[in-house]
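Just so you know, ligand 1 is whichever comes first in the structure, and atom 1 is the first atom listed for that ligand. Remember, it's a predicted structure, so these values are computed and weren't measured experimentally. Each residue takes its place number in the sequence, starting with 1. Values reported hereafter were calculated over all heavy atoms of this structure, with side chains retained and with hydrogens, waters and symmetry mates removed.
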Amino acid sequence: MLEVNHVTKSFGGVSAVAECSLNVAQGSITALIGPNGAGKTTLFNIITGHYKPDNGQILFQGRRIDGLRPDQVFKQKIYRTFQITREFAQMTVLENLMLIPPRQVGENIWNTWFRVKTVKEQEARLQEKALEVLGFVELLELKDEYAGSLSGGQKKLLELARSMMADPQLVLLDEPGAGVNPTLMRKLTANIRKLCQERQITFFLIEHDMDLVMELCNPVIVMSEGKKLMEGTPGEVRQDERVLEAYLGGQHR
Ligand SMILES: Nc1ncnc2c1ncn2[C@@H]1O[C@H](COP(=O)(O)OP(=O)(O)O)[C@@H](O)[C@H]1O
Ligand SMILES: [Mg+2]
């Protein structure tokens with residue numbers, strides 16, 4: 001589904017991603033792990049159009065997406081979760097979801113003036129969908145709370161819910177488990193698995209929590225020094241000498 005071919009990106013003299021090639025299969029929950037500074041976040045930023053690669057290609061469903069702007073990548077139905085920012089924190093959980101789909105009918109002045117009925121209908125549909133999504137991630141009882149008042153784990157669920165409003169095909173998550181307590185973590189992993197199985201959404205996620213990776217992801221891709229070191233099942237990765245070396249090497253540098 002997603003093909004990264006020989007992608008390279010440097011910042012000044014610092015090589016962040018170096019001739020990196022990897023694939024994410026449709027329908028998978030693929031993990032991207034590796035020591036700090038391996039280039040994982042930079043690679044995500046390249047995939048989502050936030051950085052242009054110096055070299056190499058990225059294909060999504062056979063079409064090139066490298067060089068597209070973030071909004072153009074979004075239109076390909078590749079979605080990346082973002083942290084709940086300050087302005088989102090001041091809106092309710094439900095309002096957060098109703099913001100998501102781009103190009104709502106109501107944004108067009110012509111529509112606002114002359115097609116009031118259509119706007120109302122669309123808003124009703126949007127609300128219905130938002131409520132359904134909130135039910136799916138079990139946040140329905142919090143729909144009228146301010147997003148800013150949610151716990152860290154609940155915010156992660158809200159981020160996931162926001163991504164669902166856009167009907168994505170591929171969702172990129174950068175450390176979804178960070179700062180999430182074990183109970184909500186189970187909810188989060190159950191939701192990701194459910195979205196993958198029931199809605200055929202593919203996930204590509206960076207994660208440091210190896211328990212989460214072991215439980216949720218297959219395959220696991222290990223990145224080190226800007227490129228793919230190896231790929232395998234969680235069990236294979238756990239036993240690989242090179243992976244251990246990459247992590248230990250990274251710590252001693
Ligand atoms: N915007 C940037 N400007 C300069 N250097 C950067 C920038 N983003 C990342 N880097 C460097 O690129 C390397 C890879 O970083 P990053 O992609 O954040 O790694 P990871 O997410 O695997 O920890 C690091 O050496 C980092 O300092
Ligand atoms: Mg990172």
Does a donor on one side chain and an acceptor on the other come within less than 3.5 Å for Gln61 and Gln169?
->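 The criterion, which ignores hydrogens and geometry beyond distance, is satisfied for Gln169 and Gln61.
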Cut-off 3.5 Å, side chains only: do Arg80 and Asn45 have a donor facing an acceptor?
->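 There is such a pair (donor and acceptor under 3.5 Å, judged by atom type) between the side chains of Arg80 and Asn45.
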Hey, is atom 8 (N) of ligand 1 under 4.0 Å from any protein heavy atom?
-> yes
Heavy atom of protein closer than 4.0 angstrom to atom 13 (C) of ligand 1 |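 Yes, at least one protein heavy atom sits under 4.0 Å from atom 13 (C) of ligand 1.
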Which ligand 1 atoms does Asn36 reach within 4.0 Å, using its non-hydrogen atoms?
->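 Listed by number with element, the hits are 23 (O).
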For Ala38, counting its heavy atoms only, list the atoms of ligand 1 lying under 4.0 Å from any of them.
->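 Going through ligand 1 atom by atom, the ones under 4.0 Å from Ala38 are 19 (O), 20 (P), 22 (O).
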Taking it one step at a time, do Leu97 and Arg162 satisfy side-chain contact (heavy atoms from CB on, under 4.5 Å)?
-> CA-CA 5 Å; Leu97 292 201; Arg162 281 172 68 200; 3.4 Å; yes
Could you check if a side-chain atom of Thr189 sits within less than 4.5 angstrom of a side-chain atom of Leu212, using non-hydrogen atoms only?
->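 Side chain of Thr189 against side chain of Leu212, heavy atoms only: contact under 4.5 Å found.
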For ligand 1, is Tyr51 a contact, meaning one of its heavy atoms is under 4.0 Å away?
->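 Under 4.0 Å: yes for Tyr51.
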Does Gly37 reach ligand 1, in the sense of a heavy atom lying below 4.0 Å from it?
-> yes
Of the protein's non-hydrogen atoms, which lies at the shortest distance from [atom], and what is that distance?
| atom | result |
| --- | --- |
| atom 16 (P) of ligand 1 | Thr42 OG1, 3.6 Å |
| atom 25 (O) of ligand 1 | Val14 CG1, 3.9 Å |
| atom 6 (C) of ligand 1 | Phe11 CD1, 3.2 Å |

Any N or O of Gly39 closer than 3.5 Å to N or O of ligand 1 =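 Yes, Gly39 has an N/O under 3.5 Å of an N/O on ligand 1.
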Heteroatom distance test (Thr41, ligand 1): nitrogen or oxygen, under 3.5 angstrom = yes
Do any of the N/O/S atoms of Asn36, backbone or side chain, fall under 2.8 Å from the Mg ion (ligand 2)?
->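 Not a single backbone or side-chain N, O or S atom of Asn36 is under 2.8 Å from the Mg ion (ligand 2).
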Can you check side-chain hydrogen bond (donor to acceptor under 3.5 Å, both in side chains) on Ser28 and Asn218, steps first, answer last?
-> CA-CA 7 Å; Ser28 70; Asn218 192 20; over 6 Å; no
Is the shortest side-chain N to carboxylate O distance from Arg193 to Glu215 below 4.0 Å?
-> yes
Determine, for Glu132 against Arg199, whether the closest basic-nitrogen to carboxylate-oxygen distance falls under 4.0 angstrom.
->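 Salt bridge: yes.
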Do the ring centers of Phe11 and Tyr51 come within less than 6.0 Å of each other?
-> yes
